[in-house]
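Notes for the one structure printed next.
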Amino acid sequence: MSRVLVVEDEAHLAQGLRFNLEAEGYSAEIAEDGETATDRLLAKKENFDAIVLDIMLPGKDGFSVVEELRAARNYVPVLVLTARGRPEDVLKGFAAGADDYLAKPFDLSILLARLQGLLRRSEWMRSAHAPEHSSASANGLQSPNTGDFATFSFDGKTIDFGKLELRANDTVVHLTLMESELLRHLIRNDGRVVSRKQILEEVWGLHEDTDTRAIDNFIVRLRRYIESDPAEPRHLLTARGVGYRFLANPETR
Ligand code: CA
């Protein structure tokens, strides 16, 4: 049973969420503020499979919570709840390390679908990494998209999609779930331009008019991880006005 922590200060909404999550077969718990959330997740090291995190909280806000989690190398999938009409919150949330977002007020069925998407991805990643695995579908789990490579190497770097790690020489960089998914999507399309809209739809499963700058934000971070000179990228190229293109072997093109 997946365990979900709902971080939400509006008691009515929090209890409604818990009730509905439990009805869907999740185990759900509530933290009423950011301080309680970081205390349970970091100080007490409680394990949750996903966090539903409101941004507007009394005291420590949702941005700080997700930032603290990532700084402490806690990569639990985080779905943030933003106020409608504040697209800058989406960008800020992604920059802080959130994996997905939903604008308030939201439709309960959409929240459940998003949460399920995050859990399915992280479960798939874990199963792809499990030592006994031969293919991810062997235990009934499908890759969120097509193709289910568990590792990928290029230019002296290896990405382990199961561990959410990028290794280069002696350094190991930990990727968030969505950083890893974006990278995998671009790699799967090696050599082809992928539009920002495609990325939003195929990686995040977002169909509404999301500010595509969220993607650019992720690209900047990925370049820092994979490029020797992020200002002069060789692998993760910009297709001006369209999107991005990954090249594993830039020399051969
Ligand atoms: Ca709130």
Side-chain angles (χ1 to χ4, degrees), residues 50-51 53 55 61-80 82 87-101 117-118 121-122 125 144-145 151-190 193-206 210-240 242-248 250:
I51 314 293
L53 175 64
I55 290 297
D61 68 10
F63 298 121
S64 312
V65 171
V66 71
E67 240 163 33
E68 276 182 42
L69 291 179
R70 300 321 188 208
R73 305 175 64 83
N74 179 316
Y75 299 100
V76 59
V78 173
L79 170 68
V80 295
T82 67
E88 67 272 25
D89 281 358
V90 176
L91 301 182
K92 228 174 133 184
F94 281 146
D99 295 293
D100 201 355
Y101 86 98
L118 279 180
R121 283 192 190 93
S122 69
M125 300 253 179
N145 298 300
T151 63
F152 184 83
S153 298
F154 68 101
D155 197 21
K157 301 164 188 72
T158 297
I159 305 162
D160 186 322
F161 293 100
K163 280 187 177 170
L164 300 180
E165 277 178 4
L166 174 90
R167 288 188 294 273
N169 303 319
D170 293 335
T171 63
V172 177
V173 175
H174 200 102
L175 305 168
T176 67
L177 187 60
M178 297 316 273
E179 284 171 349
S180 162
E181 278 290 276
L182 174 55
L183 203 46
R184 207 153 63 96
H185 189 75
L186 291 163
I187 288 171
R188 193 180 288 130
N189 289 285
D190 192 352
V193 172
V194 184
S195 73
R196 287 183 181 81
K197 189 168 177 289
Q198 255 176 298
I199 291 172
L200 277 177
E201 291 184 356
E202 290 166 20
V203 179
W204 273 273
L206 303 180
T210 308
D211 193 328
T212 52
R213 278 179 304 162
I215 305 298
D216 304 341
N217 210 302
F218 271 79
I219 297 288
V220 168
R221 294 219 305 271
L222 291 179
R223 279 186 179 142
R224 251 183 254 145
Y225 304 153
I226 68 171
E227 302 285 357
S228 14
D229 180 2
E232 295 283 335
R234 291 167 59 246
H235 297 287
L236 224 176
L237 310 179
T238 302
R240 205 166 291 281
V242 186
Y244 295 97
R245 185 161 63 118
F246 176 82
L247 293 178

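Quick note: numbers below take in every heavy atom, side chains included, and nothing from hydrogens, waters or symmetry partners.
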**OP:** Output, in order, the C-alpha distance, side-chain angles, deciding distance and verdict of side-chain contact (heavy atoms from CB on, under 4.5 Å) for Y225 and E179.
**Re:** CA-CA 10 Å; Y225 304 153; E179 284 171 349; 3.2 Å; yes

Is the shortest side-chain heavy-atom distance between [X] and [Y] below 4.5 Å?
| X | Y | answer |
| --- | --- | --- |
| L53 | V65 | yes |
| I51 | L79 | no |
| T238 | R223 | yes |
| I219 | L186 | yes |
| L177 | L118 | yes |
| I159 | L175 | yes |
| E165 | V173 | no |
| F161 | I187 | yes |

Original post:
Do the rings of Y75 and H174 sit parallel, tilted or perpendicular, given the 30° and 60° boundaries?
Top reply: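 Rings of Y75 and H174: parallel, as their planes differ by under 30°.
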
Subject >> side-chain contact (heavy atoms from CB on, under 4.5 Å) against V220, all qualifying residues, sequence neighbours excluded >> reply: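 Scan of V220 (side-chain contact (heavy atoms from CB on, under 4.5 Å), adjacent residues dropped) gives R224.
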
Original post:
Sequence neighbours excluded, which residues qualify as side-chain contact (heavy atoms from CB on, under 4.5 Å) partners of A72?
Top reply: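 L42.
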
Looking only at heavy atoms, which two atoms of [X] and [Y] are closest? And how far apart?
| X | Y | answer |
| --- | --- | --- |
| V66 | A98 | CG2-N, 3.8 Å |
| V203 | L182 | CG1-N, 3.9 Å |
| F152 | A248 | CZ-CB, 4.0 Å |
| I55 | D61 | O-CB, 3.3 Å |
| T176 | G97 | CG2-O, 4.1 Å |
| F63 | G93 | CE2-N, 3.4 Å |

From [atom1] ([X]) to [atom2] ([Y]), nearest 0.5 Å:
| X | Y | atom1 | atom2 | value |
| --- | --- | --- | --- | --- |
| H235 | D190 | NE2 | CG | 10.5 Å |
| Y244 | N189 | OH | CG | 15.5 Å |
| K197 | I215 | NZ | CD1 | 12.5 Å |
| R188 | E181 | CZ | CD | 7.5 Å |
| S122 | M178 | OG | CE | 11.0 Å |

Subject >> Trace of the side-chain contact (heavy atoms from CB on, under 4.5 Å) decision for V78 with L69 >> reply: CA-CA 10 Å; V78 173; L69 291 179; 4.2 Å; yes

**OP:** Could you give me the CA-CA distance, side-chain angles and deciding distance for L200 and R196, then say whether side-chain contact (heavy atoms from CB on, under 4.5 Å) is met?
**Re:** CA-CA 6 Å; L200 277 177; R196 287 183 181 81; 5.9 Å; no

When you compare the side chains of [X] and [Y], does any donor N or O come within less than 3.5 Å of an acceptor on the partner?
| X | Y | answer |
| --- | --- | --- |
| S153 | R167 | no |
| D89 | Y101 | no |
| H185 | E202 | yes |

Original post:
Do NZ/NE/NH1/NH2 and the carboxylate oxygens of R70 and D99 come within less than 4.0 Å?
Top reply: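 Here R70 pairs with D99 in a salt bridge, since their nearest N and O are under 4.0 Å apart.
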
Original post:
Should the pair R234-E227 be classified as a salt bridge under the 4.0 Å nitrogen-to-oxygen rule?
Top reply: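 No, no charged N to carboxylate O under 4.0 Å.
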
**OP:** Go through F154 and I226 one step at a time and tell me if the side-chain contact (heavy atoms from CB on, under 4.5 Å) criterion holds.
**Re:** CA-CA 10 Å; F154 68 101; I226 68 171; 4.0 Å; yes

Original post:
Is the number of heavy atoms from other residues, nucleotides or ligands under 6.0 Å of D229 CG greater than 12?
Top reply: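 More than 12 heavy atoms, drawn from other residues, nucleotides or ligands, come within 6.0 Å of this atom.
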
Subject >> Set of ring pair (Phe, Tyr, Trp, His ring centres under 6.0 Å) partners for F218, sequence neighbours left out >> reply: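 For F218, the residues satisfying ring pair (Phe, Tyr, Trp, His ring centres under 6.0 Å) (neighbours in sequence not counted) are F94, W204.
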
